[in-house]
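Just so it is clear, the structure is predicted and the values come from calculations on it, not from any experiment. A, B, ... follow the sequence lines: proteins, then strands. Residue 1 opens every chain. Only heavy atoms go into these numbers, but all of them, side chains included; no hydrogens, no water, no symmetry mates.
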Amino acid sequence: MNEKFLSPYNPTDTEDKIYQMWEQSGFFNPDEMIKAGLTDAQAETFSIVLPPPNVTGQLHLGHSFEDATQDAMIRFHRMLGKRTLWMPGTDHAAIATQSKFEKELYKKEKKSRHDYSREEFFSMIEEFALSNQSTILSQLRKMGASLDWDRLCFTLDEQRKEAVFEAFKQMYEAGLVYRKERVVNWDVKGQTTISDDEIVREDRISTMYTFKYSHDCPIEIASTRPETKLGDTAIAVHPDGRWKSYIGKEYSFEFAGESVTVTVIGDKDVDPEFGTGALGVTPAHSFTDWDMAQRHDLPLKQIINEYGKMMVGMEGVKGEKVEKAREAVVAWLRDQKLFIDEEDVAQSIATAERTGGIIEPLPKMQWWINVQSTFSYPHDSLKGIKKGQKVSLKDLMLHVVESGQVTIMPERFDKSYRHWIENLRDWNISRQIFFGHQVPVWYDKDGNLNLPEEKTVYFVRHGESEDNVAQLFGRPDSPLTDLGREQARESGKKLKSEEITKIYTSPYPRAIETANIIAKEIGYQGEIAILEDLHEIDQGNLAGTPLLPKNERLPNVFKKGESHKDFIARINRIKEFIKNEAEENSLFVSHTGFSTCFFSVLNGKESIEDLTYADEHQHFQNGEVRSKTFIIEPKENGLIQDEDTLDTWFSSGLWSFSTLGWPEKTKDLEDYHPTSLLNPGYEILPLWVSRMILFSTFLVGEIPFETVYIHGMLRDKDGRKFSKSLNNGIDPLEVIDQYGTDALRMALIIGVTPGQDMSFDLQKVKAYSKFANKLWNIARFIITETESVAINNAPMYSSRDQELLGQQKALIEEITKEMNEHKLYLVAEKLYHYVWHTLADEILEESKTIFETGSQEDITSRRRFLYETLLTMLKTLHPFMPFVTEEIWQSMQKPESERDILMTSLWPIL
RNA sequence: GCACAAUUAGCUCAGUUGGUUAGAGCGCUCGCCUGACUUGCGAGAGGUCAUAGGUUCGAAUCCUAUAUUGUGCACCA
């Protein structure tokens, strides 16, 4: 009996220690589970991508809420024996991050982005983002999240950049990405365009003015923005309305110092009942007017610039901000006796979500995603849509939900999703900020457009040498064995159809020998170039050769005297060499160790601590050839890249597959895509969920996820939103310090149904911290009572215990079913109830009597029953309260059939 | 204005395809201290399931209307 059970459960002493143990075990990574024989390599998969938190700051309780839910599901499925992957990552959150950074920069140093070069400014934000990221990652660990850190991604990292390049390119080539001038949502404060979904409307009272343009023009018009009338090019009236006799007439006049010419047009969109029944058309500064102008082929006249200032007009108008110009124009109207009336009207003004600035509609050349037009569908793998079928992106987004391939839970969100998609307009994806993926388009001096290029290279291992067989270290090198030569020929066969343009090899004789055999096999006549950077271990003298930190065996990768840092640098040099200098279809021959490390680095592992010899090793056996296609900037001289960056949702939209290695056809992509579940808040259904469907169906030909389990918003205990202005924020870490993560997780799961907002009350957390302690004491009682139980013998249960086991079995059946239906809120509550009120209050009390007065058979039976019940309860509670259950598990003697780590254990078998 | 949702015990919420006396946690009241539980145990009070109609043998559950709250969309010149 461990002494720690003598005092109450102390989460702070336990949690970090347990998390470290899990992390060091490596079992967050499904590949490690397989390697250790804990998961079958062919087992069904279950995968979730963590909605990547924005690197704008720290995590809040809303994130904890998501983490608790997802981690519970992940742990459950892992315990079912599935290959289970929870993909971690963060989002660069372009505008949000940049504007937050700019605010702080201004506050601290009174400087703005204009004080730096683009590169300087970018790296400053990047530093800010990375520091936030590291806080976020430690917070996720605090929550007990069993995320596979080996696969950590960032929307702005190098691999995601390739995915963005490729996605953009493919969509451009399919005509789904295009560049066009059009009226956009211009955020004057943020100095960028934003998409329709980043607009927040604010109700305001404004004044509607009724007036005439000039005494010569008889038509009265009404407007809340008379200053924009300087940019009018038409008057629209209903074809059957009061003003119909004027249709076709043209008027020219001076309006507040600007010459204006308007044509009267008839358009059914004009409501003859509203206002004066006539509408002054300002194509450059209004969305509806723009549309009308397109229909009637009206000229465009921009009169407001990017700073929200008037570009034309009389003194007091030109150069002024719109609000001031408006006053001047109204005064002028009164003065000219053109003013007729004014009236207060309720209006909602478009503002930018992130900066709070007012949106000024402006014409601008922008990049768009075409959601309306049909194209020929390029995949054969999506249910219900054939290759070559004519569809639009909108059709795809609707189809997968309507056909039930993607299930949205709760169902009612189907409707809002559908409604939103149906009203979707083309998506403006370019932004005029620095922090983000720069639009992957390069212009030459004539303005011709160039897209990213692809460069494929190949890697092979040298064939087996005598050293590999006999481990004859101590001599400089050994020749290939027969098998080694056979392996080299095998590589050659595989490369025959690839038209290798150049062969590079490490300076080692066995690699050179391999390269020569391959060259002969594929008929390559060119030079076999020796590349020092492909160097292997210095076989002759191993003294001073470092080890790979995570590796138990000699890594065979370091040159003599080379530090870990040098080695990573060397790999990066090769990478740069390939991207910048190597020809398309080059072949690289080196040691397995080098090549595996190379590919690990390509897959985002930047530090030596993250490298394991085994990760990629499987790809280099028996003459296997591994290829890598880099998607790179075009190399032609004098090209200038488009200055805009992409909407952050462009890269987040690729998340379900870019994290799994797309555009390469990786094993991860094959195994874990489509992902099983997504757990987003309802507020990002249009921003994120639908975009992931858009990209995934078009680019991969698959749905991105099978189930969307929508969660509500977390509110404070009085039902108010958490906000800075209310100062009602709660730091999850403080809650954890006080009550422990397990208690917080329970509070965030129990009684919270999908899609429903939840009021967060610390009282609830407190209650579950009592429960953690209760479980602790139950364990204490049972462990003390059962120390003598023969845990590996077949049990002999009394009829009473068989009855209790029957009840327990029924409970487990029930909760297993409910877990599969994602009803965590029910399962956790039922377990709580069973453990406290059945196990503790009834069974334990009953046991005391049995132990005192029962027969020896009954006592033996009950002891065994309690012991087994504790094991079962620890397992079933583990997804919800991972720490306390694991801590107890670690303190117990376990039968041979059970695993050392509860996290890796199997869910009770029915 | 349109759409969607919510309205169940003092508070926060469950209530699966309509089926006995409507559940949980917290809080509250009373009692207890029992071989794990300084965070324990037992007992109890508390609900015309927003309102009004309707369907049904039977409604918290289905339908209609109203009210209140919330969210999204459109708010028009």
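- Here A/D289 lies out of heavy-atom contact (under 4.0 Å) with every strand.
- Remark: A/R225 is not in phosphate contact with B/A77, judged by side-chain N or O atoms under 4.0 Å from OP1 or OP2.
- By the 4.0 Å N-to-carboxylate-O rule, A/D742 lies too far from A/R745 to be salt-bridged with it.
- We find that CD of A/E785 is positioned 9 Å from C1' of B/A36, with the value rounded to whole Å.
- Rounded to an integer number of Å, the gap from A/L6 CG to B/A36 P is 12 Å.
- In this structure, of B/C4, B/A14, B/G70, it is B/C4 that holds the atom nearest to the side chain of A/R412.
- Taking atom P in both B/U55 and B/G10, the straight-line distance is 32 Å, to the nearest Å.
- Look at the C1' atom in both B/G47 and B/U39: the space between them is 30 Å, to the nearest Å.
- Using Watson-Crick or G-U wobble geometry with both donor-acceptor distances under 3.5 Å, B/U12 finds its partner in B/A24.
- Residue-level contact check: A/T753 touches the backbone only, with heavy atoms under 4.0 Å from sugar-phosphate atoms and none from bases.
- B/A52 and B/U64 make up a base pair, with Watson-Crick or G-U wobble contacts both under 3.5 Å.
- Applying the 3.5 Å distance criterion, the base of B/C76 shares no donor-acceptor pair with the side chain of A/T288.
- Of the listed nucleotides (B/A14, B/U16, B/G40), B/G40 has the atom at the smallest distance from the side chain of A/W836.
- Counting only heavy atoms from C-beta on, A/H833 has its side chain closest to B/A24 among B/A77, B/A24, B/U12.
- Salt bridge status for A/E814 with A/K830: present, with a side-chain N to carboxylate O gap under 4.0 Å.
- Taking the P atoms as reference points, B/G42 lies 14 Å from B/A24, given to the whole Å.
- The base of B/A77 does not come close enough to the side chain of A/E220 for any donor and acceptor atom to sit less than 3.5 Å apart.
- Within the nucleic acid shown, A/K848 comes within 4.0 Å of at least one base atom, counting heavy atoms only.
- Checked for salt-bridge contact, A/K848 and A/E845 meet the test: a charged N lies under 4.0 Å from a carboxylate O.
- Residue A/A840 is in base contact, counting any heavy-atom pair closer than 4.0 Å across all strands shown.
- Here, B/A3 and B/G44 have their P atoms 49 Å apart, quoted to the whole Å.
- In this structure, A/E852 reaches the bases: a heavy-atom distance under 4.0 Å links it to at least one base atom across the strands shown.
- Here B/G40 presents its P atom at 10 Å from NE2 of A/H837, a figure rounded to the nearest Å.
- Distances from the side chain of A/R780 to the nucleotides B/U12, B/A14, B/A36 place B/A36 closest.
- Using a 4.0 Å heavy-atom criterion, one finds that A/F771 contacts no nucleic acid atom at all.
- Using cut-offs of 30° and 60° on the angle between ring planes, the pair A/F255 and A/F253 is perpendicular.
- Of the candidates B/A36, B/C75, B/A77, B/A36 carries the atom nearest the A/L844 side chain, counting heavy atoms from C-beta on.
- Residue-level contact check: A/N773 touches the bases, meaning some heavy atom is under 4.0 Å from a base atom.
- Across all strands shown, B/G19 forms a Watson-Crick or G-U wobble pair with B/C57, both key distances being under 3.5 Å.
- Contact annotation for A/T224: backbone-only contact, meaning every heavy-atom pair under 4.0 Å involves sugar-phosphate atoms and none involves a base.
- Using C1' as the reference atom, B/U69 and B/A59 are 24 Å apart when rounded to the nearest Å.
- To the nearest angstrom, C1' of B/U16 lies 17 Å from CE of A/M819.
- The gap from the C1' atom of B/G46 to that of B/G23 amounts to 14 Å, rounded to the nearest Å.
- Rounded to a whole Å, the CD1 atom of A/I850 is 16 Å from the C1' atom of B/A36.
- Residue A/Q347 places its side chain closer to B/A77 than to any other of B/A14, B/A77, B/G70.
- Counting non-hydrogen atoms under 4.0 angstrom, A/F760 reaches nothing in the nucleic acid.
- In this structure, A/S416 reaches neither bases nor backbone, as no heavy-atom distance under 4.0 Å exists between it and the strands shown.
- A/I750 comes within 4.0 angstrom of nothing in the nucleic acid, heavy atoms only.
- Between A/I199 atom CD1 and B/C75 atom P there is a gap of 11 Å when expressed in whole angstrom units.
- Comparing the P positions of B/A77 and B/C63 gives an interatomic distance of 38 Å, to the nearest angstrom.
- Separation of the P atoms belonging to B/U20 and B/G72 is 39 Å when rounded to the nearest angstrom.
- Under the 30°/60° scheme for interplanar angles, the aromatic rings of A/Y246 and A/W243 are found to be tilted.
- Nucleic acid contact for A/N423: none, since no nucleic acid atom lies under 4.0 Å from a heavy atom of the residue.
- With A/F339 as the aromatic partner, A/R334 meets the cation-pi criteria of under 6.0 angstrom to the ring centre and within 45 degrees of the ring axis.
- Nucleic acid contact for A/V752: none, since no nucleic acid atom lies under 4.0 Å from a heavy atom of the residue.
- Counting atom types as modelled, A/K774 pairs a side-chain N or O with a base atom of B/C37 as donor and acceptor under 3.5 Å.
- Of all nucleotides listed (B/C26, B/A77, B/U38), B/A77 comes nearest to the side chain of A/K229.
- In this structure, B/C30 forms a base pair with B/G42, meeting either the Watson-Crick or the G-U wobble geometry with both donor-acceptor distances under 3.5 Å.
- For the pair A/R862 and A/E785, the salt-bridge criterion is not met [side-chain N within less than 4.0 Å of a carboxylate O].
- In this structure, A/E683 reaches neither bases nor backbone, as no heavy-atom distance under 4.0 Å exists between it and the strands shown.
- Ion pairing between A/D269 and A/R295 holds under the 4.0 Å rule for side-chain N and carboxylate O.
- Closest to the side chain of A/N777, from the set B/G70, B/U39, B/C37, is B/C37.
- Across the protein-nucleic acid pair, A/E842 atom CD and B/G42 atom C1' stand 12 Å apart, rounded to whole Å.
- Between the OH atom of A/Y9 and the P atom of B/C37 there is a distance of 18 Å, rounded to whole Å.
- Base-pair partner of B/C2: B/G72 (Watson-Crick or G-U wobble, both distances under 3.5 Å).
- Aromatic ring centres of A/Y768 and A/Y739 lie farther apart than the 6.0 Å criterion allows.
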As a quick check of understanding, evaluate salt bridge (charged side-chain N to carboxylate O under 4.0 Å, His left out) for A/R863 and A/E787, giving each step before the final call. CA-CA 9 Å; A/R863 286 202 170 127; A/E787 268 169 342; over 6 Å; no

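- Closest contact between the side chain of A/F851 and the listed nucleotides B/A36, B/G25, B/G35 involves B/G35.
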